[in-house]
Each structure stands twice: as structure tokens, then as C-alpha cells.
Number of protein chains: 4
Amino acid sequence: MIEFRLDRSSGLPPYLQLVTQVQEAIRMGWLRAGDRLPTVREVVTSATVNANTVAKAYRELALIGLVEARPGAGTFVCGSLGTADAATMARLRGRLVRWVEASRAAGLEDDDVRALLNSVLTGLDSSTGVA
Amino acid sequence: MIEFRLDRSSGLPPYLQLVTQVQEAIRMGWLRAGDRLPTVREVVTSATVNANTVAKAYRELALIGLVEARPGAGTFVCGSLGTADAATMARLRGRLVRWVEASRAAGLEDDDVRALLNSVLTGLDSSTGVA
Amino acid sequence: MIEFRLDRSSGLPPYLQLVTQVQEAIRMGWLRAGDRLPTVREVVTSATVNANTVAKAYRELALIGLVEARPGAGTFVCGSLGTADAATMARLRGRLVRWVEASRAAGLEDDDVRALLNSVLTGLDSSTGVA
Amino acid sequence: MIEFRLDRSSGLPPYLQLVTQVQEAIRMGWLRAGDRLPTVREVVTSATVNANTVAKAYRELALIGLVEARPGAGTFVCGSLGTADAATMARLRGRLVRWVEASRAAGLEDDDVRALLNSVLTGLDSSTGVA
DNA sequence: GTGGTCTAGACCACC
DNA sequence: GTGGTCTAGACCACT
């Protein structure tokens with residue numbers, strides 16, 4: 001069962017954090033079609049957030065088609081966000097874990113690591129500057 | 001000179017996106033103490049954003065102490081976000097670039113890549129589930 | 001400018017009525033890309049509905065991609081629901097108007113007319129019954 | 001015997017869909033006074049809906065006076081929703097069928113067709129806009 | 001002034 | 001018990 005963690009200081013709206021975490025869990029294969037999400041009321045108590053906020057997140061996931069709400073029964077995963085096969089994912093994850101360890105050993109904080117990945121993904125290069 | 005990019009659909013408030021981008025540029029070494037940020041007016045035209053929004057972002061950066069506004073002259077970087085030395089950074093970046101290439105070759109989207117890094121940074125593992 | 005009409009006794013949630021009416025207006029060509037929807041607060045006063053309800057409807061339209069919300073500016077149509085060309089639509093509408101007139105002359109109420117269309121669209125036939 | 005079809009994504013509460021379908025069947029002449037509705041249990045199995053939901057729909061129909069529950073025997077149609085005589089109805093239906101065929105040939109979807117009828121019934125005209 | 005989000009609490013529909 | 005909607009009112013971000 002997925003467990004939500006809300007970062008109140010991130011600036012990202014709580015309901016979007018919930019949406020993102022479900023998407024990531026599906027991406028990572030932690031949630032699969034048929035799995036049940038925690039009930040709105042469970043999230044309310046575990047994440048100290050308002051029921052409407054959770055409902056909004058679930059509804060948005062339902063609109064995207066990732067999730068299906070069955071009143072009286074719960075909310076169930078019904079879509080997928082395709083990544084690679086399990087073996088490939090494990091290999092990539094292993095390489096990434098080692099790279100993160102090296103980065104941390106070099107003194108990088110998590111935010112530095114994220115910034116670095118961000119710059120690589122957006123094609124920004126240290127030689128050209130930012131443009 | 002840093003060039004800002006706003007993602008209207010990210011959910012993150014524009015002014016926070018500006019703040020983040022300056023921080024990342026400093027982290028990456030693209031901006032150093034003494035460098036001038038673009039004027040509010042320049043950002044307004046290049047990023048189609050309201051002047052108040054840019055001013056708010058600069059004010060926030062000044063509060064953190066990363067930036068200093070010199071009336072009449074502009075806004076200048078005056079702090080740093082320590083990472084590693086240039087050589088180490090280049091090496092780490094090189095490894096990361098190759099890893100990203102491998103990930104993309106395996107069919108991963110940018111969001112998949114970010115989710116994967118996120119899960120590694122937060123210590124979440126595919127074997128343990130989400131907790 | 002579209003004007004909303006809410007039917008409190010229809011059983012359809014008010015926010016869905018708003019969504020539907022915008023969709024229909026776009027379908028009919030009454031609203032086109034670039035047109036502005038009434039502000040949330042305008043709808044609140046004209047349709048005696050809560051601001052959150054209107055916001056929910058607008059947000060749903062934005063998620064579908066039919067509409068774009070520009071904070072501080074308003075909500076604007078940015079998608080289309082393709083029907084036929086204007087001439088064809090006018091011809092079809094003309095035939096339908098005459099058919100409706102004939103139906104009403106025969107004593108049919110609006111609900112009868114809708115039921116008839118419904119049965120034709122769903123392929124139900126008077127000879128086979130309902131199955 | 002009427003066969004119910006529930007559209008889970010329509011936003012209309014299931015019990016109201018059942019009510020509407022009985023009304024439409026009566027309007028169309030598929031159900032007449034004395035006809036028996038399927039038992040609650042039959043509907044439950046055929047339409048994958050909860051018994052309470054069916055019971056609620058039947059109760060609603062009884063309140064309107066369209067239906068009568070005879071304990072131990074079943075639920076029977078006992079009212080009518082007057083339309084025209086059979087011959088007129090057949091003629092109108094025939095014209096409508098041809099019109100729908102023309103509309104579909106022109107590329108209209110069912111929702112387009114419904115929107116068009118709606119606009120004609122409510123007296124909205126493409127020339128006057130929406131008011 | 002614009003839309004967006006969050007909270008609170010109520011009621012409904014469904015299982 | 002489940003999710004869904006509506007209301008009310010507050011605060012935020014943006015133009």
C-alpha cells in the first residue's frame with residue numbers, strides 16, 4: 001500500500017504531490033493495475049490533509065485514466081505508465097545508485113544532484129552556460 | 001547571462017521557478033559571485049512574465065542571501081551553493097550524461113528518469129515497496 | 001459571451017452542467033479558440049452557484065485541453081470539438097428544426113423528443129423492444 | 001423485458017439512469033400498463049448494480065405513479081407517458097433515423113447530434129449566440 | 001481584479 | 001464503510 005509523504009515547504013500544492021507520488025509509484029512498478037489506493041479517509045489521517053484535497057488528487061488521477069474510483073469500494077489503479085522491463089530497470093537503477101553514492105562522497109547534496117540531472121535532461125551544458 | 005524558462009503547466013508558482021533556476025545555475029557554477037542577473041525588464045520580455053513576479057523572485061533570493069540588489073546598477077549574485085570542484089563535477093556530469101543516454105535508449109521518459117532518481121535519493125527501493 | 005443555465009432538478013451535478021454547456025457551445029461554434037469565458041465571479045452571481053463549483057468546472061475543462069486559465073486575465077477557449085463545416089451544419093440544423101416542429105405538432109414533449117433521439121442513437125428499435 | 005444499461009462515466013447517478021430508462025421505454029411504447037419490470041435480483045445480475053440502487057429507482061418510479069409494486073408478484077407498469085399514436089411515431093422515427101444517418105455521414109458524433117437537438121429544443125440559435 | 005488552493009463541514013449515492 | 005459534490009470562507013499567486 002502506497003504511503004504518502006507531503007512536503008509542506010516545497011511550494012508544490014499538496015494535491016499535486018499526491019498525484020505525482022501515485023504516478024511515480026506506477027512508473028516504478030510499486031503500484032499495478034488492480035491495486036487499491038488508500039481510502040481518502042486513511043490518507044486524511046496519515047498525511048494530515050483535508051479530505052477534499054485527497055479527493056481532488058484522486059479525481060485528477062481518475063480523469064487522466066490512471067485510476068478508477070468505485071464508490072463504496074475504493075479507488076483502484078487501472079492504467080500504467082510504461083517504463084522498461086524489470087531487468088533493464090534494475091540495471092539502470094544499480095548504475096544510478098552507484099553514481100549517487102559517488103556524488104554524495106564528493107560532497108553533493110540532494111538538491112545539487114537533482115539540479116545536475118535537471119541540467120542534463122534539459123540539455124543545458126556547463127560549457128555553453130544556461131542559454 | 002542566465003535565461004529563464006517558465007513551465008506554466010508544472011503547478012509550481014512561476015516566481016518559485018525563477019528562484020529555483022537561479023539556485024541551480026549557482027549550483028552548476030554557471031553563475032558566480034559578482035555576476036549580474038538580467039534586469040526585471042529583460043526577464044519580463046524574454047519570459048512573458050509579470051514584473052511583480054520577477055521582483056518577488058529576486059526579493060526572495062535576496063532574503064536567502066544569494067543575491068544582492070544594488071539600486072541603479074542591477075541585481076548581483078553574492079553567495080554560493082557549494083558543490084564539488086570543477087574537475088569532479090565534470091566527471092560526475094559525464095557519468096550522468098552516459099547514464100541518461102542509456103536510460104533513454106531503454107525507452108525511459110524524462111519523468112521516468114526523474115522518478116527513478118527521486119526513489120534512489122529518498123532511499124525507496126523496489127524491493128521494500130514504498131515505505 | 002456564453003450564459004450558463006443550471007437545472008437544479010436534473011440530477012446532473014451543477015459543475016458537469018457547466019462543463020457540458022461549454023462543450024456544446026464549442027461544438028456549435030458559439031465559442032471559438034481565443035474567446036473568453038465569463039469570470040468565475042460573474043458565473044457565481046449570474047447562476048447562483050458557489051465559486052468552487054465554477055472553478056471545478058473550469059479546471060476540468062482545462063485538464064481536457066478545451067480551455068486555458070490565465071490567472072489574472074481570465075479563462076480562454078483554446079481547443080475545438082470538430083463538427084462539420086458551417087454550410088452542412090446549417091442544412092442539418094434546418095432539417096432538424098422542421099422535424100422538431102412536426103414532432104411537437106404531433107403532441108410530443110421535449111422529453112419525448114429526447115427519448116426518441118436517444119433510442120435512435122443507441123440503436124434501439126421499436127420493433128425489437130429494448131434489448 | 002426491458003434491459004438496463006448503466007453508463008458509469010456519465011455523471012448521472014445510476015438510480016436515475018434506471019428511472020430514465022423506464023420512462024423512455026414507456027414513452028417509446030416498449031413498456032405498457034400491466035407489463036412487469038425485471039425483479040431487483042435480475043437487474044442486479046444483468047447490470048452489475050447494487051440491489052439498494054435498483055430498489056431506490058423502483059421506489060422513485062412508484063412515487064411518480066408510473067409503476068406499482070405488488071409484493072410477492074413483482075413490479076408492474078401502471079401509468080403512461082402519452083406520445084402520439086403508433087403510426088405517427090413510426091413516421092417521425094423514420095425521418096429522424098434518416099436525419100441521424102445524414103448527420104453521421106457528415107462526421108457528427110453522438111454528442112454533436114445531442115448538442116444540436118438540445119440547441120434546437122431550447123430555442124438557441126447559431127445566429128443569436130447563446131442568450 | 002483574475003484563477004488556484006486549502007480547510008471545514010454537510011449531504012448524497014453507492015456497496 | 002466507500003467516493004462525490006456542494007457550500008462557505010480564507011489565503012495565495014498572478015496581471
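A, B, ... follow the sequence lines: proteins, then strands. Residue 1 opens every chain. As a basis for the values below, the full set of heavy atoms in this structure was taken, side chains included, without hydrogen atoms, waters or symmetry mates.
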Please report the distance, rounded to the nearest Å, between [atom1] in [X] and [atom2] in [N].
X	N	atom1	atom2	answer
A:Glu42	F:dT2	CD	P	7 Å
A:Leu18	E:dC6	CG	C1'	12 Å
B:Leu6	F:dC14	CG	C1'	12 Å
B:Gln17	F:dC12	CD	C1'	16 Å
B:Arg8	E:dG3	CZ	P	16 Å
C:Asn52	E:dC6	CG	C1'	9 Å
A:Asn50	F:dT7	CG	P	17 Å

Among [options], the nucleotide that comes nearest once only the side chain of [X] is considered:
X	options	answer
C:Val40	E:dC15, F:dG3, E:dG3	E:dG3
D:Pro13	F:dG9, E:dA13, F:dT15	E:dA13
B:Lys56	E:dG3, F:dC6, F:dA13	F:dA13
A:Ala55	E:dT5, F:dT5, E:dG3	F:dT5
A:Thr39	E:dC6, F:dC6, F:dG3	F:dG3
C:Pro71	F:dT7, E:dC14, E:dG3	E:dG3

- B:Arg70 atom CZ, over 12 foreign heavy atoms within 6.0 Å: yes
- Message: Quick check on B:Glu109: does its CD atom have over 12 non-hydrogen neighbours (other residues, nucleotides or ligands) under 6.0 Å away?
- Response: no
- Item | Donor-acceptor contact below 3.5 Å, side chain D:Glu60 vs main chain D:Val19 | no
Under 3.5 Å side-chain donor-acceptor pair for [X] and [Y]:
X	Y	answer
D:Glu24	C:Asn118	yes
B:Glu68	B:Thr75	no
B:Ser46	B:Glu3	no

- Message: Rounded at 0.5 Å granularity, tell me how far NZ in B:Lys56 sits from CG in B:Leu18.
- Response: 11.5 Å
- Query: If you find the nucleotide of DNA chain E closest to A:Leu12 and the one closest to C:Thr75, which residue's nucleotide is nearer the 5' end?
  - Reply: C:Thr75
- The answer to which of C:Ala69 and A:Ala73 contacts DNA chain E further toward the 5' end, by nearest nucleotide, is C:Ala69
Give a yes/no answer on whether the side chain of [X] brings an N or O atom under 4.0 Å of OP1 or OP2 in [N].
X	N	answer
C:Arg41	E:dT2	yes
C:Tyr58	E:dG3	no
B:Thr53	F:dT15	yes
A:Tyr15	E:dC6	no

- Message: Let me check I have this right: for DNA chain F, each base becomes ., (, ), [, ] or |, based on Watson-Crick or G-U pairs with both distances under 3.5 Å. What is the full string?
- Response: ||||||||||||||.
- Query: Base, sugar-phosphate alone, or nothing: which one does A:Arg36 contact when heavy atoms must sit under 4.0 Å apart?
  - Reply: nothing
- Item | Sugar-phosphate only, base, or nothing, as touched by A:Arg59 at under 4.0 Å among non-hydrogen atoms | sugar-phosphate
- Message: Between B:Val49 and C:Val49, which residue's closest nucleotide on DNA chain F lies nearer the 5′ terminus?
- Response: C:Val49
